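All values reported here derive from a predicted model rather than from experimental measurement. Keep in mind that the numbers below use all heavy atoms, side chains included, and drop hydrogens, waters and symmetry copies. All ligand and atom numbering here is 1-based and tracks the order in the structure.
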Amino acid sequence: MRHFAVVGSGPGGFYTAEALGKAYGEGARVDIIDRYPVPYGLVRFGVAPDHQSLKAVSKRYDQTADSDGVDFIGNVTVGRDVSISELLEHYDAVVLAIGAPHDRKLGIPGEDLPGVIGSAAFVGWYNGHPEFAGLDPPLGGTHAAVIGNGNVALDCARILSKSRGELEGGDIVNHALDALETSPIETVTILGRRGPLQISMTPKELGELGHLEAATPVVDPADFPPADADEALEPGQRKSVTLLREYAAAGPDKSKRNKMVFDFYAKPLRIEGDGKAERIVIERTKLDASDSAIGTGEIYEVPASLIISSIGYSTPPLEGVPYDERGGKFLNENGKIDERLYCVGWARRGPTGTIGTNRPDGYEVAAQIETEMPPGSSSDRPGAEGLKALLATRNVMPTDYDDWRKIEQTESANARPGSPREKFVRVEDWLKALDR
Ligand SMILES: Cc1cc2nc3c(=O)[nH]c(=O)nc-3n(C[C@H](O)[C@H](O)[C@H](O)COP(=O)(O)OP(=O)(O)OC[C@H]3O[C@@H](n4cnc5c(N)ncnc54)[C@H](O)[C@@H]3O)c2cc1C
């Protein structure tokens, strides 16, 4: 018998467990360990609450958790409740799938002013992440700005711009739904250092902007190079750029109250305000021959009392695990960190790619483990039994997948009409739902 620990129950963790389960069958036990009693990582806490169909992937993860040989051990924070070296004593291999939950800093003056928030915090707030439930973002002004030109930036801008009716069918938490409904924000400026051809936004997300009830996209036709420049783009990117060109050509829909303004060639220099964020000072850029943004010396200001920076994420270091400071992820070669220690998902690659991108990652690392410890081989490491005994000495009470089912049932029973669930937003409430 082999024992494997997968740390993190997001897509990276679940695809790895799925692959290990298939490869070893009854010859191994795979424990998926998570710091929370609720699984799925960013599928629960990141994916936008108005994009419910994407969360259906969790059904596949449930099948993995229900399969023989795979167990869920929740409410255990690795690095705090148990160290990596202790996990390696108990398991034949340890796979780190802890994601990249920390916001990258902008590195400009004024970014610590009240009103400037990282997208992980803002997204966590509307998605019921316990760390950010109390965030209370300043929604009292008429102008907000989002710094970044990826899908997460677009998620933040869209959530700020949608009507209550458009949001309440999803699983946005009530505290966010109520606060957004009464917010007077009318303009959300989306700032990108480069141009419309360099965005990292996908067609589905951009296409939605043409059909919003309360908001209209605003794109300046002067920002585009001649149309034949699009021919060199890969097809998905070309589709995205075509959508932006269409919005630019149509002009904003004046019947809509809210504007989502795309401000390209915009490099934030500093954030200013009297004790809180009031404006972003920006330098206009242009592209050089290699499509990098270079300053033009033209300076202007964008008013914003809420500024969300969405410029990337990093993995927190873990004691004893080699770390790539520049990449903000674990140092690894094809997912291998050290003997019997691996990483997958965002902790391996950095914060890029979709949910599905994590699948080949997980399968590749499982295949490496299989080569190094062929199915049929065994060891006398104790696995979950030993880990749970150790945790008991530290008064850590792990939860399992049945516990998650109970929480899930309570969340769906508490849901407002039309919504799939009302998430608990505090760890204590999860445990209370389990009578702990
Ligand atoms: C805001 C946002 C929106 C997104 N929207 C989409 C989308 O619409 N479509 C799409 O395809 N992709 C989307 N993505 C990307 C997708 O969510 C990621 O590709 C994917 O979640 C990465 O998986 P992961 O397993 O590496 O990390 P995560 O999903 O972050 O999972 C990490 C897990 O590790 C656990 N963990 C962390 N630290 C510890 C610890 N010390 N001990 C124990 N457990 C720990 C966490 O609780 C979590 O469960 C989005 C990402 C973000 C940030």
Legend entry - Shortest heavy-atom approach to atom 41 (N) of ligand 1 - which of V82, V78, V43: V78
Inset, instruction - Using the six-membered ring wherever Trp is involved, compare the ring planes of F45 and H129 and label them parallel, tilted or perpendicular (cut-offs 30° and 60°). - result: tilted
Inset, instruction - Starting from atom 39 (C) of ligand 1, locate the nearest protein heavy atom and write down its residue, its atom name and how far away it is, to 0.1 Å. - result: I98 CG2, 3.7 Å
Legend entry - Sub-4.0 Å protein heavy atom next to atom 10 (C) of ligand 1: yes
Legend entry - Side-chain donor-acceptor pair present, T64, S67, cut-off under 3.5 Å: no
Inset, instruction - For atom 52 (C) of ligand 1, find the nearest protein heavy atom and state the residue, atom name and distance (0.1 Å precision). - result: V152 CG2, 3.8 Å
Legend entry - Of the listed options S53, A97, G41, closest to atom 32 (C) of ligand 1 (non-hydrogen atoms): A97
Inset, instruction - Starting from atom 44 (N) of ligand 1, locate the nearest protein heavy atom and write down its residue, its atom name and how far away it is, to 0.1 Å. - result: R35 N, 3.1 Å
Legend entry - Under 3.5 Å side-chain donor-acceptor pair for S119 and Y313: yes
Inset, instruction - For Y247 and G210, indicate whether the former's side chain and the latter's backbone hold a donor-acceptor pair under 3.5 Å. - result: yes
Inset, instruction - Look only at the side chain of Q409 and the backbone of K406, and say whether a donor-acceptor pair between them is shorter than 3.5 Å. - result: no
Legend entry - Structural part of D155 in contact with ligand 1, heavy atom criterion under 4.0 angstrom: side chain
Legend entry - Top protein contact for atom 16 (C) of ligand 1, by heavy-atom distance: I355 CG1, 4.0 Å
Inset, instruction - Compute whether any side-chain donor of one residue and acceptor of the other, for T202 and N151, lie under 3.5 angstrom apart. - result: yes
Inset, instruction - Give a yes or no on this: more than 12 heavy atoms of other residues, nucleotides or ligands lie within 6.0 Å of atom NZ of K256. - result: yes
Inset, instruction - Specify side chain, backbone, both or neither for V76, according to which of its non-hydrogen atoms lie closer than 4.0 Å to ligand 1. - result: backbone
Legend entry - Residue portion contacting ligand 1 (non-hydrogen atoms closer than 4.0 Å) for N358: side chain
Legend entry - For ligand 1, the portion of T354 having any non-hydrogen atom under 4.0 Å away: both
Legend entry - Numbered atoms and elements of ligand 1 in range of L54, under 4.0 angstrom, heavy atoms: 7 (C), 8 (O), 9 (N)
Inset, instruction - Have a look at ligand 1 and work out which part of Y313, if any, has a heavy atom under 4.0 Å from it: side chain, backbone, both or neither. - result: side chain
Legend entry - Protein residue, atom and distance nearest to atom 25 (O) of ligand 1, heavy-atom basis: G12 N, 2.8 Å
Inset, instruction - Around atom 26 (O) of ligand 1, find the nearest protein heavy atom and jot down its residue, atom name and distance. - result: W346 N, 2.8 Å
Inset, instruction - Give the minimum heavy-atom separation between A433 and F424, together with the two atoms involved. - result: CB-CE1, 3.9 Å
Inset, instruction - With rounding to the nearest 0.5 Å, note down the distance linking CG in L160 to OG1 in T187. - result: 11.5 Å
Inset, instruction - Output yes when a side-chain donor or acceptor of R2 lies under 3.5 Å from a complementary backbone atom of A28, and no otherwise. - result: no
Inset, instruction - Write out the residue and atom name of the closest protein heavy atom to atom 49 (O) of ligand 1, then the distance separating them to 0.1 Å. - result: D34 OD2, 2.5 Å
Inset, instruction - Establish whether atom 14 (N) of ligand 1 and some protein heavy atom are separated by less than 4.0 angstrom. - result: no
Inset, instruction - Write out the residue and atom name of the closest protein heavy atom to atom 27 (O) of ligand 1, then the distance separating them to 0.1 Å. - result: G99 CA, 3.4 Å
Legend entry - Residue G10 vicinity, atoms of ligand 1 by number, heavy atom under 4.0 Å: 25 (O), 29 (O), 31 (O), 33 (C), 49 (O)
Inset, instruction - Can you label the angle between the Y40 ring and the F14 ring as parallel, tilted or perpendicular, going by 30° and 60°? - result: tilted
Inset, instruction - Identify which of S119, G362, G345, G46 has a heavy atom lying nearest to atom 3 (C) of ligand 1. - result: G46
Inset, instruction - Start with the C-alpha gap between W430 and Y36, add the side-chain angles, then the distance that decides, and say whether ring-ring contact (aromatic ring centres under 6.0 Å, His included) holds. - result: CA-CA 9 Å; W430 285 325; Y36 295 134; 5.4 Å; yes
